[in-house]
Amino acid sequence: RIEFMTTMQGMIEKSVPMMMQVPALIPLMKENALFVAKAFEQGADGVLVGACLEFGTLQVRNLATGGGNVAHALPAADLVPALLALDAEVALARSDGAGGVRERRLPLDGFATGPFRTVLEPGEIVAALRLPAATRGWRAQFRKLGRVLKDLAQANSAVALDLAGTRVRQARVVLGAVHPTVVRVR
C-alpha cells in the first residue's frame with residue numbers, strides 16, 4: 001500500500017498541459033488555501049473561493065478532502081457545483097497489482113450516478129481534480145442556502161459565464177441539493 005501511494009503521488013505531480021490540477025487527498029483546510037490561491041492565480045474567479053469558504057465547519061475542513069467530497073456523491077456537496085460549473089474532470093487511480101498505478105480520467109459531469117453512488121470501480125480513489133484552461137478566464141460565483149451557517153446546503157448553485165466584453169458566449173448553471181445528483185442545467 002505504501003508503494004501504491006508513493007507511485008500515485010508521482011502520478012498526481014505530473015504536469016498536465018492546459019489544466020489546473022488540485023490534489024484530492026489532502027485535508028480541505030490545506031486544500032482550501034490551495035484552491036483559493038490557484039483560483040485567483042488561474043482566473044477561476046469566485047466560484048472555487050466561495051465553495052471553499054462555505055464548506056463545512058473548521059473541524060470538518062481539517063479532515064475532509066476535495067476528493068472525498070466528490071467521491072461521497074452527496075447531492076448537497078459544496079465543491080461539486082463549483083467544479084462542475086468549470087467543467088472539471090476527476091483523475092482516478094488504483095493499484096495495478098504489480099507495484100504500479102492504473103489511472104483513468106473522467107468528466108465530473110456524470111461521475112455521480114445517484115445519492116452516494118458513483119462510477120468508481122473497486123479499489124479506485126479520486127486522486128486529483130482538474131480544471132481545463134478554457135474556463136480560467138470565466139466569471140463565476142457560488143451561492144448556498146442552509147438552515148444555519150456552515151450547515152449542509154438546502155440548495156446551492158454555481159454559475160459560470162464565458163464573456164466577450166458584455167456578450168455571454170457560454171453560460172453554465174449548476175444546482176445542488178435539488179436533485180438526486182448535483183446537476184448542470186441544460
Side-chain angles (χ1 to χ4, degrees), residues 1 4-28 31-32 34-35 38-39 42 44 47-48 51-52 55 64-138 140 142 153 156-160 162 170-186:
R1 293 206 184 265
F4 167 64
M5 293 304 283
T6 303
T7 305
M8 194 184 66
Q9 187 63 32
M11 176 207 71
I12 293 167
E13 291 170 356
K14 281 192 270 181
S15 66
V16 178
M18 306 304 289
M19 298 288 268
M20 177 181 120
Q21 179 168 283
V22 180
L25 305 174
I26 58 175
L28 193 60
E31 192 169 314
N32 189 337
L34 182 61
F35 260 115
K38 283 210 178 250
Q42 304 290 342
V47 71
L48 291 177
C52 286
F55 188 96
T65 65
N69 191 248
V70 169
H72 189 53
L74 179 69
D78 289 331
L79 294 181
V80 176
L83 291 166
L84 195 52
L86 296 175
D87 209 24
E89 72 175 28
V90 291
L92 306 175
R94 68 177 171 178
S95 172
D96 67 3
V101 175
R102 292 171 83 195
E103 176 187 0
R104 69 181 177 129
R105 296 179 190 159
L106 300 172
L108 181 57
D109 197 9
F111 178 74
T113 59
F116 313 108
R117 291 191 322 264
T118 69
V119 297
L120 278 171
E121 294 176 359
E124 245 177 356
I125 61 171
V126 176
L129 306 168
R130 296 183 172 136
L131 300 172
T135 59
R136 286 182 185 166
W138 289 35
F142 172 83
N156 60 23
S157 66
V159 175
D162 179 14
Q170 289 185 64
R172 293 195 182 128
V173 177
V174 181
L175 304 173
V178 297
H179 187 266
T181 62
V182 174
V183 63
R184 183 181 291 167
V185 178
R186 300 190 197 276

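This one's a predicted model, so the numbers in the text were calculated from it and none came from an experiment. Quick note: residue numbers are just sequence positions, from 1.
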From Glu89 CD over to Asp109 CG, what is the distance, rounded to the nearest 0.5 angstrom? 12.5 Å
Let me see the working for Val174 and Val183 under side-chain contact (heavy atoms from CB on, under 4.5 Å), right down to the final yes or no. CA-CA 6 Å; Val174 181; Val183 63; over 6 Å; no
In short, Gly176 meets Val182 closest at the heavy-atom pair CA-CG2, 4.3 Å
Please name the pair of heavy atoms, one in Ser157 and one in Leu175, separated by the smallest distance, quoted to 0.1 Å. CB-CD2, 3.8 Å
Any donor-acceptor N/O pair, Arg184 side chain to Leu84 backbone, under 3.5 Å: yes
Of all pairs that satisfy ring pair (Phe, Tyr, Trp, His ring centres under 6.0 Å), the ones with a partner from residues 82-113, not counting sequence neighbours: none
Considering residues at least two apart in sequence or located in another chain, which fulfil the side-chain hydrogen bond (donor to acceptor under 3.5 Å, both in side chains) criterion with Arg117? none
Output side-chain donor-acceptor pairs under 3.5 Å for residues 66-83, partner residues at least two apart or in another chain, one line each.
{"from": "Asn69", "atom 1": "OD1", "to": "Leu79", "atom 2": "N", "distance (Å)": "3.3"}
{"from": "Asp78", "atom 1": "OD1", "to": "Asn156", "atom 2": "ND2", "distance (Å)": "3.4"}
{"from": "Asp78", "atom 1": "OD2", "to": "Lys144", "atom 2": "NZ", "distance (Å)": "2.8"}

Side-chain heavy atoms of Asp96 within contact of Val101, under 4.5 Å: no
Answer yes or no: is there a side-chain heavy-atom contact under 4.5 Å between Thr118 and Thr113? no
Hey, what do you get for CZ (Arg172) to CG (Asp162), rounding to the nearest 0.5 Å? 8.5 Å
When rounded to the nearest 0.5 Å, the distance separating CD of Glu124 from CZ of Arg102 is 8.5 Å
